[in-house]
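Have a look at the structure below, then the notes.
The first residue in the sequence is number 1, and the count goes up from there.
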Amino acid sequence: MIIRTHELTRTYHLGGSIIPAVNKVSVRIADASFVSILGPSGSGKTTLLNLIGLIDSPTSGTIYFDDQDVSHLTSKEQRHLRLENIGFVFQTFNLLPTLTALENVEFPLAMTKLSQDAQRTRAMQLLTKVGLAHRLHHRPGKLSTGEMQRVAIARALANNPRLILADEPTGDLDTDTGTEIIQLLFNLSRKHKTTVLVATHDKRVAEIADVTYFIQDGTISRLTGTSDN
């Protein structure tokens, strides 16, 4: 298992109440698998993804990465693990508007030891891989929503991560473009042995996933597929 959680819990204080956004969630995610977390808005999908990606910290419970407890790493240790192992894809793309597609993909590479020439070559290769070789020098404002999501996926792959976390990657896309993005993420899992975890309300993702977790009110309620691929 590349990721394993045990009774992972994240609560928030709202007025005098304690709200469990994620409530004692235990999941197992196999290396090189394509996994979906399916649930409606407000169900806890994004919070769970943020916990697994070490963007947020659990109130209680444990997160294991390669069987190492990473629940309570220091901020520096978390940054290092994310940089070396995890790529993020967001519904709103989170691209820098003043940078071209090529520069957006190069951005995370600036934190590596690669030379500038190697960074540029890597970024060009990744944009070609996601079908954007002809849009390298366009800024986000000149790209379609589907193209922006492809740039975001290329950027997530920049440091050759073992795990891609995608939060509602089809949420702002039309049906056809959403299907293309789902297939692109699926192919990453199959062809490049990258683990892909998609939080979504899109049932098309669940149809092709190796494993689907259903989440409601912060609680994993049902599991389809097998945890060992």
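Looking at every heavy atom in both residues, Thr128 comes nearest to Ala133 through OG1-CB, 3.6 Å. Heavy atoms only, all atoms of each residue included: Leu54 and Val70 are closest at CD2-O, 3.8 Å. Gln68 and Leu73 get closest at one heavy-atom pair: NE2-CD2, 4.4 Å. Ala206 and Leu38 make their closest contact through CB-CD2, 4.1 Å (heavy atoms, listed as atom of the first residue, atom of the second, distance). Minimum heavy-atom separation, Ala154 to Val130: CB-CG2, 4.1 Å. In plain terms, the two heavy atoms of Ala158 and Arg122 that are nearest each other are O-NE, 3.0 Å.
For the pair Thr212/Phe214, a side-chain contact is recorded, criterion being any heavy-atom separation below 4.5 Å from C-beta on. When side chains are defined from C-beta on, Pro58 does not count as touching Arg10, because their heavy atoms never get closer than 4.5 Å. A 4.5 Å side-chain heavy-atom check between Asn159 and Pro108 finds at least one atom pair inside the cut-off. Here the side chains of Arg204 and Thr175 are in contact, with some heavy-atom distance below 4.5 Å. Within the 4.5 Å cutoff, the side chain of Asp117 has heavy atoms near those of the Ser115 side chain. For the pair Ile86 and Phe88, the minimum side-chain heavy-atom distance is below 4.5 Å. Between Leu8 and Ser60, the closest side-chain pair of non-hydrogen atoms is not below 4.5 Å.
With hydrogens and angles ignored, the 3.5 Å screen pairs a side-chain donor or acceptor of Gln149 with a backbone N or O of Pro169. With hydrogens and angles ignored, the 3.5 Å screen pairs no side-chain donor or acceptor of Arg135 with any backbone N or O of Leu102. Side chain of Ser189 to main chain of Thr195: no donor-acceptor pair is present (N/O by atom type, distance under 3.5 Å, no hydrogens or angles). In this structure, the side chain of Asn50 does not engage the main chain of Asp56 through any donor-acceptor pair within 3.5 Å. Tyr64 contributes no side-chain N or O that, together with a main-chain N or O of Ile2, makes up a donor-acceptor pair within less than 3.5 Å. In this structure, Thr100 contributes its side chain and His137 its backbone to no donor-acceptor pair below 3.5 Å. No donor-acceptor pair closer than 3.5 Å links the side chain of Glu84 to the backbone N or O of Leu81. Using a distance-only test at 3.5 Å, with no hydrogens or angles considered, no donor-acceptor pair links the side chain of Thr145 to the main chain of Leu173. A distance-only check finds no donor-acceptor pair linking the side chain of Ser33 to the backbone of Val35 [under 3.5 Å]. With hydrogens and angles disregarded, a donor-acceptor distance shorter than 3.5 Å links the side chain of Gln119 to the backbone of Leu114.
In the model, Thr92 has a side-chain atom that pairs as donor or acceptor with a side-chain atom of Asn94 under 3.5 Å. The closest side-chain donor-acceptor pair between Asp174 and Thr177 falls under 3.5 angstrom. No side-chain N or O of Asp217 forms a donor-acceptor pair with one of Thr219 less than 3.5 Å apart.
In this structure, OG in Ser43 is found 10.5 Å from NE2 in His201, a value given to the nearest 0.5 Å. The distance from atom CD1 of Ile220 to atom CD1 of Ile215, rounded to the nearest 0.5 Å, is 4.5 Å. Separating the CZ atom in Arg28 from the OH atom in Tyr213 is a distance of 7.5 Å, to the nearest 0.5 Å. The CG atom of Leu127 sits 11.0 Å away from atom CD1 of Ile153, with the distance rounded to the nearest 0.5 Å. Atom NE2 of His72 sits about 10.5 Å away from atom CD of Gln78, to the nearest 0.5 Å.
Within a 6.0 Å sphere centred on NE2 of His138, other residues, nucleotides and ligands contribute more than 12 heavy atoms. Around CZ of Phe107, the count of heavy atoms belonging to other residues, nucleotides or ligands within 6.0 Å does not exceed 12. Around atom NE2 of His192, more than 12 heavy atoms belonging to other residues, nucleotides or ligands sit under 6.0 Å away.
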Full working for salt bridge (Lys or Arg N to Asp or Glu O under 4.0 Å) between Glu180 and Arg150: CA-CA 10 Å; Glu180 292 174 3; Arg150 287 175 182 271; 3.3 Å; yes

From CA spacing to verdict: side-chain contact (heavy atoms from CB on, under 4.5 Å), Glu103, Arg120: CA-CA 8 Å; Glu103 290 166 340; Arg120 176 136 298 195; 4.3 Å; yes

Stepwise side-chain contact (heavy atoms from CB on, under 4.5 Å) check, Ile164 with Leu197: CA-CA 6 Å; Ile164 295 287; Leu197 176 58; over 6 Å; no

From CA spacing to verdict: side-chain contact (heavy atoms from CB on, under 4.5 Å), Ile208, Phe34: CA-CA 8 Å; Ile208 63 171; Phe34 186 83; 3.9 Å; yes

Thr9 and Val25: CA distance, side-chain angles, deciding distance, side-chain contact (heavy atoms from CB on, under 4.5 Å) verdict: CA-CA 7 Å; Thr9 299; Val25 166; over 6 Å; no

Thr170 vs Asp202, side chain to side chain donor-acceptor pair (under 3.5 Å): CA-CA, chis, key distance, verdict: CA-CA 8 Å; Thr170 64; Asp202 191 334; 3.1 Å; yes

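Connection of Val211 to Val22 is established within a shared hydrophobic cluster, with ILVMFWY side chains joined at heavy-atom distances below 4.5 Å, either directly or through further cluster members. Residues Met124 and Leu184 fall within the same hydrophobic cluster, defined by Ile, Leu, Val, Met, Phe, Trp and Tyr side chains chained together at heavy-atom separations under 4.5 Å.
Salt bridge annotation for Glu147-Lys142: absent, with no cationic side-chain nitrogen under 4.0 angstrom from a carboxylate oxygen. In summary, Lys45 and Asp167 do not engage in a salt bridge, as defined by a charged side-chain N under 4.0 Å from a carboxylate O. Salt-bridge annotation for Asp210 and Arg190: present, with a side-chain N of the basic residue lying under 4.0 Å from a carboxylate O of the acidic one. Asp66 and Arg162 are joined by a salt bridge, as a carboxylate oxygen and a charged side-chain nitrogen come within less than 4.0 angstrom of each other.
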